[in-house]
Structure formats: structure tokens, C-alpha cells
Protein chains: 2
Amino acid sequence: MVEQTKERRSRRSDGEQTYAAILEAAVRLASVEGLSALTIGRLAQDVGVSKSGLYAHFGSIRQLQLDVIDAARDIFGREVFAPGLEAEPGLAQLEALCAAYLSYIERWVFPGGCFFAGMLAEFDARSGVPHDAVSEDQREWVNLLEGIAREAQQRGELRDGIDLAQLVFDVTAPVQLANYYYVLYRDGVVLDQARASIRTAIAAAKPNGVKP
Amino acid sequence: MVEQTKERRSRRSDGEQTYAAILEAAVRLASVEGLSALTIGRLAQDVGVSKSGLYAHFGSIRQLQLDVIDAARDIFGREVFAPGLEAEPGLAQLEALCAAYLSYIERWVFPGGCFFAGMLAEFDARSGVPHDAVSEDQREWVNLLEGIAREAQQRGELRDGIDLAQLVFDVTAPVQLANYYYVLYRDGVVLDQARASIRTAIAAAKPNGVKP
DNA sequence: CCTACCGATCGGTAGG
DNA sequence: CCTACCGATCGGTAGG
């Protein structure tokens with residue numbers, strides 16, 4: 001009896017399935033127009049439910065925004081962190097993470113480009129919960145990359161006296177700019193420019209690399 | 001008589017003065033919260049006029065947005081282009097423009113960081129008039145810098161076979177990321193990282209510089 | 001999950 | 001420049 005009920009419900013619009021469908025639509029909308037442009041009314045119309053239907057799932061627009069951020073984090077983890085971290089720890093992993101990021105941009109995982117690059121620009125100058133979430137997410141990226149750079153250093157893959165934070169900045173800047181310009185112009189040249197920039201920064205960090 | 005009338009009007013809220021005050025408030029609001037967050041009602045309350053008072057000046061929210069963009073362009077020209085272009089044509093000018101940009105960020109010319117970096121992220125994925133304006137403004141920046149790099153090349157300041165577009169990308173990426181991170185964390189370290197990044201890129205472009 | 005509703009605010013207009 | 005208004009949409013709630 002119980003199983004039958006479950007089956008019947010999941011064949012239609014099961015609660016979880018609806019929730020996932022709503023979140024996916026919300027993430028896509030927020031990635032293109034910003035989290036601030038995400039309204040209950042528009043989203044309800046997009047998904048084909050009533051406004052109060054959305055309130056049953058999220059309770060408030062703030063909670064919806066938080067759930068959207070969490071959903072985007074899952075996607076980023078799956079599409080960038082996971083493949084990037086499969087590489088050998090050390091410089092190879094730093095390169096792999098940058099490559100995974102550029103691939104994620106190139107494959108239009110989000111229709112508006114990197115969700116978190118969008119959030120960064122949308123909330124950097126404001127205060128509040130989304131600003132703090134952006135702040136944490138950027139710290140997480142930088143801290144992860146600095147940890148990987150430190151691992152590379154301990155493995156002797158870096159020349160003496162290198163500034164790890166500077167190295168992370170030097171690979172983050174090109175991937176970030178590539179994201180905005182790729183979305184704006186939809187021209188892959190900028191991805192190649194970012195790749196060249198990263199190659200140069202990593203080559204310059206190696207012991208036998210050119211010293212600036 | 002005419003002069004007296006002019007004087008009396010300018011002592012109060014002259015039309016031009018009101019227009020300028022409205023635009024300044026609008027530019028500041030848009031720089032922090034985005035051009036999409038700029039509403040007639042909020043702006044009217046901020047400035048202390050009625051909504052229809054704003055319509056007398058701008059006619060529509062779209063026109064207000066265009067006027068805001070134009071006002072921001074003037075400020076950018078005065079604060080970045082003008083001081084940057086005072087340097088000697090060639091590599092010195094490329095360096096000076098980047099330095100002027102970072103100074104403009106550091107001095108909080110706009111309370112939300114670089115107005116056009118904000119616009120880039122807000123409208124890169126949308127279509128419409130603001131998107132096209134963003135597109136033109138970014139092209140203008142890149143074209144100006146590429147022209148300066150070409151001038152440097154003709155003066156023999158660059159090594160053979162250098163990719164001018166790549167050089168421009170390599171100095172634009174750090175200033176762009178520095179803007180977002182400086183607004184987010186309000187920590188000048190990121191400005192120094194951008195300066196170091198630019199120094200390296202320009203040094204590597206010189207004939208006697210290190211070749212990657 | 002739905003319909004039906006709330007006050008507030010949106011862009012914009014009429015008339016002065 | 002103002003008051004007074006328009007229909008549409010906002011986030012959210014009541015009651016089912």
C-alpha cells in the first residue's frame with residue numbers, strides 16, 4: 001500500500017521532483033538576470049504553479065534565494081571542484097581546477113555564465129545575507145587554491161620565495177575576466193587568452209621557470 | 001533683468017542643478033545596487049522630489065538609465081582616461097591607465113566600485129540597450145589599450161612576436177578582479193596584487209624582458 | 001498544492 | 001515642478 005502510494009505520487013509531480021524543477025528554473029533565471037530579479041510571481045509562471053505553491057516549498061523570497069545559492073553550489077562542486085580535484089595534488093591540480101572552471105564556462109552550465117561571478121558583482125557592494133554568502137564562497141575558492149599551491153610548494157614544484165596568494169590571484173583574475181567576456185561576446189578567443197595567461201603564471205612559478 | 005532672473009533661479013533649485021543632483025544620486029544608487037534596482041520612486045524619495053518631477057527630467061525609466069550611463073562615462077573619462085593619457089604614449093601610457101584605474105577604485109569614485117564592471121556583470125547575459133552599451137564600453141577600453149600597445153610596439157618597446165590582445169587581457173584581468181575583491185573585502189592587498197600582476201605582464205612584454 | 005485576497009510599490013499619465 | 005490617479009506586480013497570508 002505504502003509503496004503503491006509512493007509510486008503513484010512519483011509518477012506525477014512528486015514533491016521532491018517539483019522542488020527540484022522549481023530550483024532549476026530559479027537558478028537559471030538568477031544566473032541570467034541576477035538573484036534580485038528573481039520574483040515569486042515570475043518563477044511561479046515559469047514553472048506553472050501558483051505563487052502560494054512556491055510559498056509551500058520555500059516560505060519566503062529570502063529562503064528561496066538561499067536555496068538557489070545552495071543548488072548552485074552543488075552544481076559548481078560537481079562541475080568544477082570534482083573534476084579539478086581528480087588531478088594529482090600540487091601544480092597539476094591548480095592547472096586542472098582552472099581548466100575545469102573554463103570548461104564549465106564554455107559548456108554553459110549556467111545560461112548566464114558562472115553563477116558565483118554574477119553573485120560577486122551583484123552583492124559585493126551591498127550588505128546582508130547574500131553578500132556574506134558571496135564573501136564565503138570567494139574565500140572558499142581562494143583558500144582551496146592557496147592550499148593546493150602550498151601543497152605544490154611542499155612538493156618542491158615552486159621556486160623559492162614565491163608568493164602563494166599572488167599566484168592564486170594571477171590564475172583567478174584571467175578565469176574571472178574570461179567568464180564575463182565570454183558571456184558578453186560569446187567568443188571563445190577570451191577563453192584561450194585566459195588559458196595562455198594561466199600557463200604563463202604557472203610557468204613563472206616553477207623553479208626552472210622564468211623569474212619576473 | 002534677464003541676468004537677475006538667471007541669478008535668482010540659480011540660487012534656488014535651478015533646473016540644471018536639480019538635474020545634476022538627481023543624476024548624481026542615481027549614479028551612486030546604481031553603482032551599489034545595480035541599474036535594475038534604480039526605480040523612479042526610490043530615487044524621487046532620495047532626492048526629495050515627486051515622481052512626476054523626475055518624469056519631467058527623464059521621461060522614462062529607460063531614458064534615466066541611459067542618462068545615468070552617460071554621467072558615469074563622463075566621470076570615468078575624467079577619473080581614469082584623462083590622468084592615464086597624460087603619460088608618454090607607449091608602454092608608460094598602458095601602465096598609467098592601469099594605475100589610474102586602480103587609483104579610481106581605491107578612491108571610491110563610485111560607492112559601489114567601478115560602475116562599468118558592475119554593468120558588465122549585470123547585463124552580460126541579457127539582451128537589450130544596456131547590454132549593448134556595456135558591450136561598447138568594454139570594446140572601447142580594450143580598443144584604447146590595444147591602440148596604446150600598438151604604439152608601444154611601433155616605438156620598439158615590445159619584444160618581437162608579442163600578442164597585443166593578450167597583453168591587454170593580461171592587464172585588464174587583474175584590474176577587473178581587483179575591483180570586485182576590493183569592493184567585497186575592502187582590503188587594499190588586492191590592489192597591490194593587481195599592481196604586481198600588471199608589472200609582471202608589462203615586464204614580460206619588453207624586449208629584454210623574460211619570455212614565457 | 002489551490003483561489004482569493006492584503007498593502008506597498010512599480011512605471012507612467014492627466015491636469016494643473 | 002505638484003497632487004492624484006491608473007493597472008500591473010511585488011512579497012506575503014487566509015482559508016481551504
Side-chain angles (χ1 to χ4, degrees), chain A residues 5-27 29-30 32-69 122-123 126 128-131, chain B residues 5-27 29-30 32-69 122-123 126 128-131:
Chain A
T5 308
K6 265 187 186 167
E7 260 190 275
R8 191 176 294 146
R9 288 187 63 191
S10 65
R11 222 176 278 152
R12 297 192 180 198
S13 63
D14 188 23
E16 284 183 28
Q17 229 173 319
T18 306
Y19 179 82
I22 295 169
L23 261 189
E24 197 194 316
V27 165
L29 209 162
V32 172
E33 306 203 14
L35 205 58
S36 308
L38 189 67
T39 69
I40 301 279
R42 274 190 71 180
L43 185 58
Q45 206 169 17
D46 273 24
V47 182
V49 299
S50 67
K51 277 170 56 181
S52 71
L54 290 189
Y55 277 101
H57 283 290
F58 303 100
S60 73
I61 186 73
R62 272 93 47 196
Q63 189 56 52
L64 169 63
Q65 289 176 338
L66 293 180
D67 285 13
V68 164
I69 293 173
E122 187 174 359
F123 293 104
R126 305 196 209 180
V129 173
H131 168 276
Chain B
T5 307
K6 266 187 187 167
E7 262 190 275
R8 190 174 295 148
R9 290 187 60 192
S10 65
R11 225 177 277 153
R12 295 193 182 198
S13 63
D14 188 22
E16 284 184 28
Q17 228 174 320
T18 306
Y19 179 82
I22 295 169
L23 261 190
E24 198 195 317
V27 165
L29 209 163
V32 172
E33 306 204 11
L35 205 59
S36 307
L38 190 66
T39 69
I40 301 278
R42 274 190 70 180
L43 186 58
Q45 207 168 16
D46 273 24
V47 182
V49 299
S50 67
K51 278 169 55 182
S52 71
L54 290 189
Y55 276 100
H57 283 289
F58 302 100
S60 73
I61 185 73
R62 272 94 47 198
Q63 188 57 51
L64 170 62
Q65 290 176 339
L66 294 180
D67 286 12
V68 164
I69 293 172
E122 187 174 1
F123 293 105
R126 306 196 208 179
V129 173
H131 169 276

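Since the structure is predicted, the reported quantities are computational estimates derived from the model, not experimental observations.
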So which nucleotide from [options] ends up closest to the side chain of [X]?
X: A:Lys51; options: D:dG11, C:dG12, D:dC1; answer: D:dG11
X: B:Arg42; options: C:dC2, C:dC10, D:dG12; answer: C:dC10
X: A:Arg62; options: C:dG12, D:dG11, C:dC1; answer: D:dG11
X: B:Ser60; options: D:dC2, C:dG12, C:dC1; answer: C:dG12

(message) So B:Thr39, base contact, sugar-phosphate only, or nothing? Heavy-atom distance under 4.0 Å.
(response)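 Contact class for B:Thr39: sugar-phosphate only.
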(request) Confirm from the modelled atom types if A:Ser52 and C:dT3 form a donor-acceptor pair under 3.5 Å, side chain to base only. (result)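 Pair found.
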Just how far, in rounded Å, is [atom2] of [N] from [atom1] of [X]?
X: B:Gln63; N: C:dG12; atom1: CD; atom2: C1'; result: 15 Å
X: B:Ile40; N: D:dC6; atom1: CD1; atom2: P; result: 20 Å
X: A:Phe58; N: D:dG12; atom1: CZ; atom2: C1'; result: 15 Å
X: A:His57; N: C:dC2; atom1: NE2; atom2: C1'; result: 13 Å
X: B:Tyr55; N: C:dG12; atom1: OH; atom2: P; result: 4 Å
X: A:Leu54; N: C:dC2; atom1: CG; atom2: C1'; result: 12 Å
X: A:Ile61; N: D:dT9; atom1: CD1; atom2: P; result: 16 Å
X: A:Leu43; N: D:dT9; atom1: CG; atom2: C1'; result: 15 Å

(message) Could you tell me the Watson-Crick or G-U partner of C:dG11, where both distances fall under 3.5 Å? Say none if there is no partner.
(response)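 Looking at the geometry, C:dG11 pairs with D:dC6.
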(request) Could you tell me which nucleotide pairs with C:dG16 by Watson-Crick or G-U wobble geometry, both distances under 3.5 Å, or answer none if nothing does? (result)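 Partner of C:dG16: D:dC1.
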(request) State whether the side chain of B:Glu122 and the backbone N or O of B:Leu35 hold a donor-acceptor pair below 3.5 Å, judged by distance alone. (result)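 Checked: pair present.
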So [Y] and [X], do their side chains get closer than 4.5 Å, heavy atoms only?
X: A:Ile61; Y: A:Thr39; value: no
X: B:Phe123; Y: B:Val129; value: no
X: B:Leu38; Y: B:Val68; value: yes
X: B:Leu43; Y: B:Leu64; value: yes

(request) State whether A:Ser50 places a side-chain N or O below 4.0 Å from either non-bridging phosphate oxygen (OP1 or OP2) of C:dC1. (result)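 It does not, given that no N or O in the side chain of A:Ser50 lies less than 4.0 Å from OP1 or OP2 of C:dC1.
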